Number of protein chains: 2
Amino acid sequence: MKKTYSEENYLKTIYHISKSESKVSLKAIADVLENNPASVIDMLRKLKEKELITYDKTQGAILTVTGETVALDIIRKHRLWEVFLVEKLNYDWHEVHHIAEQLEHIHDEQLAKKLDDFLGNPAFDPHGDPIPASNGQMPVYANKRLSELKINQAGKVGSVRDTSTPFLKYLKQLNLGLGSKIEVIDKLDFDQSMVIVIDGSAPKTVSSKMTDNILLIID
Amino acid sequence: MKKTYSEENYLKTIYHISKSESKVSLKAIADVLENNPASVIDMLRKLKEKELITYDKTQGAILTVTGETVALDIIRKHRLWEVFLVEKLNYDWHEVHHIAEQLEHIHDEQLAKKLDDFLGNPAFDPHGDPIPASNGQMPVYANKRLSELKINQAGKVGSVRDTSTPFLKYLKQLNLGLGSKIEVIDKLDFDQSMVIVIDGSAPKTVSSKMTDNILLIID
DNA sequence: GTATTGAATTAGACAAAACTAATTACTTAT
DNA sequence: ATAAGTAATTAGTTTTGTCTAATTCAATAC
């Protein structure tokens, strides 16, 4: 069963939305892909036909096991290529997304594995997102940067990207460690700093430099 | 002016055909792309409209300066990616073509340059074909392996891929050096060995291992 | 010089993936 | 309970790149 470029993008998008929303609505997909809702419903029907998702108005779109496998495969390739672009070709991490969007759709049986080996089997992409394993399993730990959370979302600290001593000292001072629960109380637009609550204690303000380096487990 | 995947493939194909045939006929393009002649004529009209080629029945398709620039850019990317796949990802040289066919269409301003630098600015791809320069110039020298010549074709030695001492000694013994003229007299199907005439001297039989490592300038 | 073959061309259709505009179905606020 | 707003859906189009089938044009064979 060959998947088209477009089908792969829909599956990937559904996967991503499902990680931050309880329901993957047609509207949400249309917004992310910047497609017309009418186009989206056509594609959802097609994916349903192929048994890659289930869909109805009330449940929204849900990936089947096959669908999730395809989505994770695309995400794996996307993130591996991002590592390649940053580590080997010296791109800046913020420049690579639109290139990886294209590279993720290259089809070849052996490519992801060979690329993975060449890169030394990295666990994270340059944005700190975890790279799914070749068996199609997304590591449960550390799947989102704190800086990406919206107000009122919460998660547990899964890992830390910056492992320099000053940073770790700072975390200790905040009483923050692996497993700490963080809730986002507020987010300041002008400098992206956040007000957070750590394990239910008094709210603290932290910079975007800090929130970029904390990886959370979201349930 | 963004080019589609398909447009790029047509331009590339026209370029390739023009190097081995005096006229790029509609039929020839249809055969290479395995497309219906009716589809081909539509696309030729479109490319003509965009001033990437000129076309009429008697002259066939001819790339404009712009068209040739696009074609060479695609070929450059194709060959750079082939080098990457073979040298970095350890693919066999015969496995990489269909992957490079996809990779050559990745669009990004800086990508070819960065990839080229990462690979150490290679002059040839794994098949011995020269890699066009970033200014869109195809090196004139050494554009075909001897093994790819047909019976009665001829060329001048432009470069040698295997630079090991035993191989160079063997060439000396054959009285063959840069600039020598080689004519193909016969080609044996069963082992791909060739009977060649070097600078007009007596015909000699050489193995496919030898003919794979000689790169010729074809006028 | 006419018949045959092959190449080029036209006309019309189709599939994929998008669109616009109109309609229906829910949800929520008053 | 109804009006207003948002989400989902339907119907009909469009664009890109392909196809088949029929036709015209050109070269060559006899």
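Here the structure is a predicted model, which is why all the values come from computation and not from measurement. Numbers restart at 1 for each chain; the letters A, B, ... are given by sequence-line order, proteins then strands.
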To the nearest angstrom, the CG-P distance between A/Asn36 and D/dA7 comes to 13 Å

In terms of heavy-atom contacts, does CD of B/Glu95 have more than 12 from other residues, nucleotides or ligands at under 6.0 Å?
yes

| So what does B/Tyr55 hit on the nucleic acid, given a heavy-atom distance under 4.0 Å: a base, only sugar-phosphate, or nothing? | sugar-phosphate

* Asked: Looking for any heavy atom pair under 4.0 Å, which part of the strands does B/Asn35 touch: base, sugar-phosphate only, or nothing?
  -> sugar-phosphate

Checklist entry - Within the pair A/Lys27 and D/dA7, is there a side-chain N or O less than 4.0 Å away from OP1 or OP2? => result yes

A/Ile29 CD1 to D/dA7 P, in whole Å, measures 13 Å

Quiz item: Any idea how A/His97 and A/His78 line up, ring-wise: parallel (<30°), tilted (30 to 60°), or perpendicular (>60°)?
Solution: tilted

Quick note, A/Ser25 side chain, CB onward, closest among D/dA8, C/dC19, C/dT10 is D/dA8

Between A/Val40 and A/Thr58, the residue closer to the 5' end of DNA chain C by nearest nucleotide is A/Val40

5'-most contact on DNA chain C (nearest-nucleotide basis), A/Glu7 vs A/Ala38, goes to A/Glu7

**Request:** Determine whether more than 12 heavy atoms belonging to other residues, nucleotides or ligands lie under 6.0 Å from atom NZ of A/Lys181.
**Result:** no

In whole angstroms, the gap separating C1' of C/dC26 from CG of A/Leu26 amounts to 14 Å

**Asked** Using a cut-off of less than 4.0 Å, is there contact between a side-chain N or O of A/Arg45 and OP1 or OP2 of C/dA16?
**Response** no

Quiz item: Under 4.0 Å between a side-chain N or O of B/Ser39 and OP1 or OP2 of D/dC19?
Solution: yes

Between CG of B/Asp42 and P of D/dT15 the distance, given in whole Å, is 15 Å

To the nearest angstrom, the CG-P distance between A/Leu44 and D/dT10 comes to 12 Å

Rounded to whole Å, the CG-P distance (B/Asp56 to C/dT9) equals 8 Å

Closest of D/dT9, C/dT9, D/dA8 to the A/Ile41 side chain is D/dT9

To the nearest angstrom, the CG-P distance between B/Asn9 and D/dT16 comes to 17 Å

Atom NZ of A/Lys57 and atom P of D/dA8 are separated, to the nearest Å, by 9 Å

Note to self: With a cut-off of less than 4.0 Å, is there a side-chain N or O of B/Ser6 near OP1 or OP2 of D/dT18?
What the structure shows: yes

Below 6.0 angstrom between ring centroids: does that apply to A/Phe84 and B/Phe84? yes

Review point. Among side-chain atoms of B/His98 and B/Gln102, is any donor-acceptor pair under 3.5 angstrom?
Key: no

- Message: Does C/dA16 have its OP1 or OP2 closer than 4.0 Å to a side-chain nitrogen or oxygen of A/Tyr10?
- Response: no

